[in-house]
Structure formats: C-alpha cells, structure tokens
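All remarks here apply to the structure that follows.
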Amino acid sequence: MRQGAAIGAAGTAPQRAEAALASLKASPADPDRLRRILEQALVFAGASFAGVYVPGDDPALLRLAESAGLPRTLYGLPDGYPTSGTSPVAAAHRTGRPHWLTPTPPPPDPTETNPAPAPAGATPPADPARDTPPPAPAGAAPPPDLTGPTPPPGLALAVLPLGSTGGGCLLVVGERPGGFGADDRACLELIARAIPVPAPAVAADTGELAADAFSLAMDTGRMEAGAELLRLFGIAPDSFDGRVETLLARTVPEDLPALMSVVEADHMTIGERELEFRILQPAGPPRWLRLRGRLLPRGEDCPARLVGTVVDASTLRSDRTDVARVQRLAASLATAGTVKDVGRAVVAALRKPLQADRIALAELENDRLVVTVLDPPEPEAWPEVWRSEWRTEWPDAPVRAMPTLASALRAGRARIWPAGSALEPALGEVGPGGLAVLPLPAGSRMAGACLIGWDRPHHFPPDERALLTACAALTGQALLRAHAFDAEHELVGMLQRTLLPRRLPRLPGGTAVARYLPTTAGLEVGGDWYDVIPLADHHVALVIGDVQGHNAGAATLMGQMRTALRAYAVEGHPPDVVVAHANRLLLDMETGLFATCGYVDVDMEQGTAWCVRAGHPHPVLRHPDGTAEIVRCEGGPPLGVLDRAEYPMTPLRLLPGTVIALTTDGLVESPGLDLDTGMDRLARELAAADPGHLGLVADALLTGAQRDDDVALLLMRYDGMAVRPLRESWTVWRVPEAVRHARRFTRRTLRAWQLPRDAVDAALLVVSELVTNALVHTGGQVRLDLNLANHRLRLAVTDCSPRSPVKPAGIGWEATGGRGILLVEAVSAAWGTVPVSGGKQVWAELVTGG
C-alpha cells in the first residue's frame with residue numbers, strides 16, 4: 001500500500017500536498033524546511049529517494065544540497081553531476097524541462113528456451129550513460145544505474161528543474177513498475193515549485209558580489225558584503241573590517257540567538273535557510289531585515305561558505321504574516337510545560353495581531369472536545385449552549401454536537417467561514433463576523449482544535465491563512481507534548497505523595513514540620529524521603545534519607561526503605577540496630593543502589609537524643625539562645641554498600657526551644673555550591689529564623705533552593721513535656737505466686753500515685769489477665785510496665801512470643817477459658833498489641849478521672 005494512501009480520504013493527493021506545503025512555506029525559519037519539503041515526495045508521491053542538486057562553487061558542477069528517503073548510494077547516485085554531461089539531471093538543469101523516465105520491462109527469464117521476439121520496429125535498450133559511475137567492489141553486484149536514458153526494471157525516475165533554467169534540479173526515485181502517475185507528477189511539480197532557490201551571491205558573468213549579497217567563510221568568520229547590504233547595517237563600504245561580528249553587534253539582542261544559529265557552522269546544515277531579524281538604528285525603532293542563504297560545502301581549495309542575500313523587510317512585513325511572530329510562537333511553545341502554557345502562548349501570538357474577539361483552545365479526548373483555554377474567560381462572552389447544555393464556563397462537549405467542527409477535524413485542514421455563514425449556534429455565536437477553525441495535528445492524530453472568532457465582518461487574506469496554518473501545526477505538536485507533560489507530572493506527584501507521609505503526627509512536647517521539593521530538571525520521581533515515627537515511652541524517631549537516582553526504581557526503593565525503617569523502629573530496637581537492619585535489608589535486595597540516611601531517636605521526656613548517620617549530611621541544632629551548630633556526628637557508610645558496616649550513635653542534649661534540622665543534599669549541595677558551604681549557610685539561616693513559627697522557618701530555608709536535585713527538609717522543635725508521666729516496671733518471675741506478686745506490685749504503685757479505688761480494682765483485673773496469658777502461653781522473660789500521664793493509666797505486659805492474643809468470636813457457657821481478653825476489652829478504654837524486639841507487648845489504657 002502506498003504511503004500517501006495512509007494520509008486520509010479527504011481531498012486528492014495534490015490537494016493534500018498543497019496544504020502540507022503551505023504549512024511548511026509559512027515557517028521559513030525552520031532549519032529543516034528543505035528536508036521536510038522533500039519528505040512530502042515520499043508521502044504523497046510514494047517516492048523512495050528525493051534530492052536537490054544545485055550549482056556549487058564550481059558553476060560547471062551540480063552538488064547535492066539536501067536529500068530525504070533511502071541512502072543515495074543504494075541507487076548509485078553520485079553527490080555531483082557535471083552540468084555539461086548527458087545525465088537527465090544535467091539535461092533538466094540546462095533546458096529547464098522536466099524528465100519523466102519510466103522503468104524498463106524486466107529482463108527475460110534465462111530459463112526460457114524460446115524467448116518472445118522483440119516487436120517489430122522496437123529500439124533496442126541503450127547502454128547506460130553515466131557521467132561518473134562509481135566503481136563497484138570486487139565480487140559485488142553494481143548498484144542500479146539511474147543516470148541513463150532508461151531506468152532499471154522496477155525503478156521510476158523524475159527530474160524537475162528548480163525555478164528558471166540553471167537553478168538546479170529535484171531528483172526523485174520511486175520503486176514504481178508503472179512509473180509516476182498523473183497525481184504523483186502533480187504532487188512532484190508542487191514540491192519542485194515549493195523548494196526555495198537562493199539568489200546567487202556572485203554574479204556569474206563578472207565574478208563580483210551583488211549589492212545585497214554576502215559570502216561568509218565559516219572557518220574564519222571573514223565576510224564579503226555588498227554595498228547595499230552594508231548600507232542597511234549603517235556601515236560605509238570603505239570602513240567595513242570584514243568581520244561578521246561587526247554586523248552581529250548591531251543586531252537586537254533578542255534576535256541574536258536565532259541569527260547565530262544560522263551563521264555558526266555547528267548549527268548549519270547544507271541547504272537553504274531564511275530568517276528575519278532586527279538591527280538597531282541610531283534613531284527610531286529597529287529595522288527588520290530578511291536573510292536568505294545557502295551553506296556551500298567545503299571544497300578541496302576553499303572552506304565551507306555561507307552565501308546569500310540580505311534585504312530590507314520593513315515594507316514587506318505585516319502584523320499578520322510576521323515570520324518573527326511565528327518564530328516567537330515556536331520559541332514560546334518550546335518552553336510551554338503545560339496545556340495552559342500552550343493556550344496562553346497561542347492567545348498571545350494570535351488574538352491581538354488578528355484583532356480577534358475570542359479564542360478557544362480545546363483538546364480532543366476520544367470523541368469529546370474539552371476546552372482548556374478561553375479568552376476572554378467570562379462565560380457571557382461565549383455561546384449560551386456552552387453553558388446550558390454542557391458546562392458553565394469550561395465546555396466538555398461531544399464532537400458530534402458540532403457537525404461543522406467534526407467535519408473540519410476529519411479533513412484535518414483549517415476551515416474559514418466569513419460573516420453570515422450558516423453554522424450551528426454553538427459555532428456561529430463564537431464568530432458572527434468570521435470564524436476560523438484550526439485542527440491541531442500531532443503526528444498521525446488530531447490533538448485538538450483552536451477556534452478564533454470575530455464579531456465584526458472580517459476578511460481573510462492569503463497571508464493570514466498561511467499564518468493560521470503554520471500556527472496550527474506548531475500548536476498541535478506542543479499540545480501533545482504538554483498533555484504528556486501534564487499526565488506524567490500528575491503521575492509523578494501522585495506517586496511522590498503516596499510514598500511520603502500524608503501528615504505528621506502530633507508529638508508530646510514538640511512540633512515537627514516537613515517539606516519536599518521535587519527537582520525541576522525533569523519529571524522523574526526522586527528518592528528523597530522523610531518520616532516521623534512515634535515510639536513507646538514518649539520517644540520519637542526522626543528519619544530522613546536519599547536513595548541514589550531519580551527514576552521509578554529509586555522511588556520504589558525509597559518506599560521500601562521508609563517502611564522497613566519504620567517497622568524496625570516500632571519493634572523497639574535501638575537506633576544503631578535499626579539502621580544496621582536497614583543496611584542488611586538493602587544488601588539482600590540486590591538492587592545495586594545505595595541510600596543515605598539520618599536517624600535521630602528523641603526522648604521527649606528527658607530531652608535527650610541519639611543520632612545515627614549512614615553517609616548522610618550532619619544534623620543542625622538551633623539552640624534556645626539563637627546560636628546554630630552543625631553537630632559533627634560520627635557516621636557509617638551509606639546503606640547497601642558494606643556487609644558488616646557499623647553505625648555508631650552520637651548523644652545529643654536538647655533544651656526546651658531547641659530546633660533539630662535534617663535535610664538531604666539537594667538543599668546544601670549543587671554544581672555551584674560545595675557541601676560544607678551549603679551546611680554553613682543552612683546553619684546561618686536557621687540561626688536567624690524565628691523558631692516560634694516552624695512552618696515559616698521551613699519555607700524560608702527552602703527559598704532560593706537550586707532545584708537541581710530533590711530536596712527534603714525535616715524540622716522538629718523540642719518544647720519539653722509540661723507533665724512528665726509516672727513510670728514503674730516489674731519483672732515477673734516464673735514462680736507459682738507470680739500473678740499475686742504482680743498484683744501486689746500494681747496495688748502498691750497505684751496507691752502511691754493516689755488513684756481512686758475503682759481504677760485500682762480495674763487495673764488489678766487487667767494485670768491478672770495479661771500476666772496470666774503471658775505466663776501460660778509464652779516462655780522466657782515477662783515484664784510489667786505501669787505508666788500514668790494526663791489521667792490515663794497504661795498497663796503493658798511484654799513477653800518473648802511474637803504471637804498476639806486472639807479475641808474469641810464466641811464462648812459457650814461450659815467453657816473454662818478464653819474470657820481474659822474479653823474482660824480486658826470490657827474494662828479498658830483501649831487495648832492492643834505491638835511487636836517488640838522479637839516478642840510483643842500487650843497494652844491496655846484506663847481512664848482514671850477528669
């Protein structure tokens with residue numbers, strides 16, 4: 001099936017080719033415009049190769065300027081043809097007439113014993129007449145000869161002159177047994193006319209530079225310029241120093257990057273380029289100039305040169321056909337990160353210059369049109385049906401509700417209706433004075449549509465139509481990229497929010513806040529994390545870490561490490577054991593990644609803490625007197641590096657009002673900032689902050705972050721507990737009187753704490769049941785802990801069995817056991833069980849009074 005047949009059924013191939021070429025003509029600054037024009041021969045004429053041959057430094061030789069499709073060597077095509085030769089390329093160049101060569105019939109089957117005789121009067125096939133046949137490798141079949149009067153079997157050849165006689169040729173090869181058909185030839189003629197032919201920089205008869213021409217040596221930057229060109233720049237011919245920098249210095253700074261992309265060899269490819277730019281003048285606004293040039297390849301005795309012309313474009317430009325406006329739109333769309341950014345760029349580029357009254361940009365999602373940008377945004381400025389039948393100010397309508405729009409989307413071409421056109425109300429009210437509907441193509445699909453409407457009668461000149469077509473092509477691609485960006489950004493954000501804590505817990509005697517900033521260098525999810533873990537006996541674990549890499553694997557590992565550290569901490573292990581267990585887990589996972597981690601266990605009752613570092617930046621303490629200190633904690637290697645790593649603990653002393661700051665290296669280290677300098681700056685900023693508003697402190701510390709890496713920040717202010725709990729513990733020995741001894745210890749302790757009698761009786765019942773269960777169903781040591789704080793009594797029994805007690809679903813009247821947990825649940829305000837260092841702790845809380 002031909003490639004062109006996949007374009008669609010709307011319109012003939014020449015019509016579709018004409019529309020595609022019109023879009024390319026409207027973007028003369030596109031550095032790949034010539035190649036894109038040649039690609040249309042592959043699409044609409046089913047060609048396999050298309051190339052442009054133009055005169056080079058030597059006027060007697062045609063050089064290949066640009067090509068598209070299969071490699072030319074596959075067909076034995078040289079990179080140059082003598083203009084005086086007998087090839088079809090040279091003949092078309094000299095005569096200005098196209099050559100259409102149909103393939104020869106296939107050779108007779110050598111196995112036939114009686115081949116059919118040749119028709120009477122038939123001319124025997126001529127020998128190939130190559131100008132410069134390339135030698136074939138020894139033992140290899142020579143490539144097909146496409147330069148003789150008749151192409152080889154199965155290959156068709158078309159050679160079309162460019163412009164007037166002597167302007168070069170378009171050479172097209174197609175694997176077409178029947179040759180190029182009528183539609184194919186019409187498409188190729190359109191393509192040949194669309195190929196820009198540069199004005200010669202040097203007059204052929206005199207060898208002198210034309211008045212508006214230039215010649216730039218790409219290796220040295222030395223430039224020859226005509227007198228008229230220098231006059232446009234305001235330079236006298238006798239004072240020009242021959243340096244291209246002299247002319248660039250007079251360019252408007254905003255236009256200099258685009259101009260440099262043309263005059264720098266690293267950014268230029270063989271072929272023609274066109275660009276509009278502005279130059280500064282002594283008085284008045286900048287002057288617009290138009291550059292057309294062609295890069296000539298390096299020869300044996302001369303370097304690569306850029307030749308062309310520069311003319312005054314001030315009188316040729318208009319607000320609607322402004323090539324620079326299309327360039328600025330392309331630049332804006334290139335940096336548009338979201339669909340809303342794309343909409344704002346389109347509105348800025350079209351509404352004011354076209355004097356339009358309204359613009360709507362909509363995405364196409366399945367069979368529905370979802371409007372993402374409306375300008376003006378007021379609902380009253382848009383059709384009533386948009387508000388009554390669909391949504392209020394953001395329509396979400398099925399495409400079938402607007403048949404005219406659906407037809408334009410199917411055709412894939414811009415449609416324009418002048419004032420008074422009969423349209424459905426949903427479209428007619430958008431532009432009663434004129435309506436333009438621009439389908440936004442993006443590859444093989446339609447990304448959406450742009451509606452532009454006028455209230456007063458509006459005329460659509462050809463240059464305005466070209467601008468709309470060019471903007472539609474640019475917007476479609478940008479909309480597709482932005483939609484993918486939005487979807488990926490939302491996915492990344494959702495994944496990050498899922499892996500990090502949704503909220504931090506309320507702490508007894510302290511306040512904690514955290515912040516996370518993803519990197520702006522890309523959309524990949526990072527591996528930074530933080531956590532605040534409440535532990536038994538009013539301990540709190542502050543955890544922060546950073547997994548190597550920025551991808552889904554790092555994010556997944558981050559979630560696993562956060563979960564593992566929380567599990568090890570809740571089990572009651574000391575900080576060094578928690579981090580060592582996490583190191584062992586990461587090594588066993590064999591991910592090849594490593595992670596850094598900072599872990600601080602804070603005793604909220606005593607105001608003490610233990611810090612463990614695994615290759616992570618040091619914590620920073622802000623003391624109550626306003627001084628800040630980088631705590632030089634001894635540390636171990638990152639997690640997942642060494643099998644038998646040690647992680648020493650460093651003690652910390654906290655006074656009420658002390659702030660602990662833990663951060664990842666994204667905040668304190670960047671390509672322009674070393675770690676020590678960044679830590680010193682963090683300490684200074686923390687010292688200058690007001691710890692009374694911890695959230696504002698966190699926001700201030702993140703101000704000016706480089707965002708080259710993810711940033712996680714965890715702050716905790718230690719305030720001290722207003723009322724310290726009362727604690728007592730009892731080791732239960734496995735003797736016959738063990739339960740009675742535990743009850744006696746409980747009674748004496750609670751009476752000393754002056755609890756009411758009913759609370760003491762309830763506590764004794766709970767202690768009896770929990771201690772009995774531990775002694776009967778487990779082995780090893782059993783410990784009883786009593787804790788009283790804020791009129792809540794906590795009774796906890798710890799044993800060496802990981803199995804938790806199970807509440808029976810039902811108990812018959814004849815059962816002799818199983819009621820213990822039911823009794824504990826009945827008299828307690830809450831009860832539960834937690835794992836502790838290979839065993840468990842069963843606890844119950846009683847309310848002792850108001």
Side-chain angles (χ1 to χ4, degrees), residues 533-539 541 563-585 588 601 603 605 610 612 644 647 649 725-750 762-788 793-808 811 815-825 827-828 830-846:
I533 310 171
L535 303 175
D537 299 333
H538 293 134
H539 280 239
T563 302
L565 282 162
R566 174 175 281 267
Y568 295 143
V570 170
E571 283 187 353
H573 298 294
D576 55 343
V577 177
V578 171
V579 177
H581 282 1
N583 177 61
R584 168 59 66 181
L585 175 66
D588 292 343
D601 186 325
D603 186 342
E605 294 181 16
W610 292 96
V612 176
R644 298 184 178 276
Y647 298 96
M649 297 192 300
L726 302 175
R727 298 183 184 280
E728 291 291 347
S729 296
W730 174 263
T731 300
V732 181
W733 299 99
R734 292 184 173 274
V735 296
E737 302 293 330
V739 175
R740 185 164 66 87
H741 293 167
R743 287 171 55 89
R744 182 173 60 188
F745 163 76
T746 303
R747 182 183 298 108
R748 290 177 177 175
T749 302
L750 299 185
L764 293 176
L765 176 60
V766 170
V767 168
S768 297
E769 296 300 333
L770 296 183
V771 171
T772 300
N773 284 344
L775 293 175
V776 172
H777 300 291
T778 70
Q781 185 178 8
V782 176
R783 190 182 76 251
L784 170 63
D785 295 299
L786 308 180
N787 186 320
L788 178 63
L793 176 63
R794 181 184 178 93
L795 309 169
V797 175
T798 304
D799 57 56
C800 299
S801 172
R803 297 184 59 184
S804 300
V806 179
K807 185 176 71 173
I811 298 178
T816 59
R819 296 183 175 83
I821 293 299
L822 296 177
L823 291 174
V824 171
E825 183 180 53
V827 302
S828 303
W831 78 280
T833 179
V834 293
V836 176
S837 299
K840 68 174 180 299
Q841 183 184 82
V842 184
W843 58 270
E845 285 191 353
L846 306 176

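For the numbers below, each heavy atom of this structure counts, side chains included, while hydrogens, waters and symmetry mates do not.
For the pair His538/Arg727, a side-chain contact is recorded, criterion being any heavy-atom separation below 4.5 Å from C-beta on. Residues Asp601 and Asp603 have side chains not in contact (no heavy-atom distance under 4.5 Å, counting atoms from C-beta outward). Residues His777 and Pro805 fail the side-chain proximity criterion, which asks for heavy atoms closer than 4.5 Å.
For the residue pair Ala569 and Leu535, the shortest heavy atom distance occurs at O-CD2, 3.4 Å. Of all heavy-atom pairs between Arg743 and Ser768, the closest is NH1-OG, 2.6 Å. Minimum heavy-atom separation, Val612 to Pro575: CG2-CB, 3.7 Å. The nearest pair of heavy atoms linking Val797 to Ala774 is CG1-CB, 3.9 Å. Considering every non-hydrogen atom in both Asp576 and Tyr647, the closest pair reads CB-O, 3.2 Å. Of all heavy-atom pairs spanning Ala762 and Val827, the tightest one is O-CG2, 4.5 Å.
Atom CZ of Arg803 has 12 or fewer neighbouring heavy atoms from other residues, nucleotides or ligands inside a 6.0 Å radius.
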Assess whether side-chain contact (heavy atoms from CB on, under 4.5 Å) is satisfied between Leu750 and Leu788, documenting all intermediate values. CA-CA 9 Å; Leu750 299 185; Leu788 178 63; over 6 Å; no
Quick one, Leu784 with Leu786, criterion side-chain contact (heavy atoms from CB on, under 4.5 Å). Give me CA distance, side-chain angles, the key distance, then yes/no. CA-CA 7 Å; Leu784 170 63; Leu786 308 180; 4.1 Å; yes
Step by step, would you call Lys840 with Asp799 a side-chain contact (heavy atoms from CB on, under 4.5 Å)? CA-CA 6 Å; Lys840 68 174 180 299; Asp799 57 56; 3.0 Å; yes
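For the atom pair OG (Ser828) and CZ (Arg794), the distance works out to 11.5 Å, reported to the nearest 0.5 Å. Separating the OG1 atom in Thr731 from the NE2 atom in His741 is a distance of 13.5 Å, to the nearest 0.5 Å. To the nearest 0.5 Å, atoms CD (Glu769) and CD (Glu825) are separated by 13.0 Å.
Ring-plane geometry between Tyr568 and His573 is classed as perpendicular, the angle between the planes exceeding 60 degrees on a 0 to 90 degree scale with a lower cut at 30.
Evaluation of the salt bridge (Lys or Arg N to Asp or Glu O under 4.0 Å) rule for Glu728 yields no partner, not counting sequence neighbours.
Put simply, the side chain of Asp537 never gets that close to the backbone of His539: no donor and acceptor are under 3.5 Å apart. Checking side-chain atoms of Arg734 against main-chain N and O of Leu775 turns up a donor-acceptor pair under 3.5 Å.
The residue from Leu765, Leu764, Val771, Leu770 that alone fulfils the side chain to side chain contact (heavy atoms under 4.5 Å, CB included) condition with Val767 is Val771.
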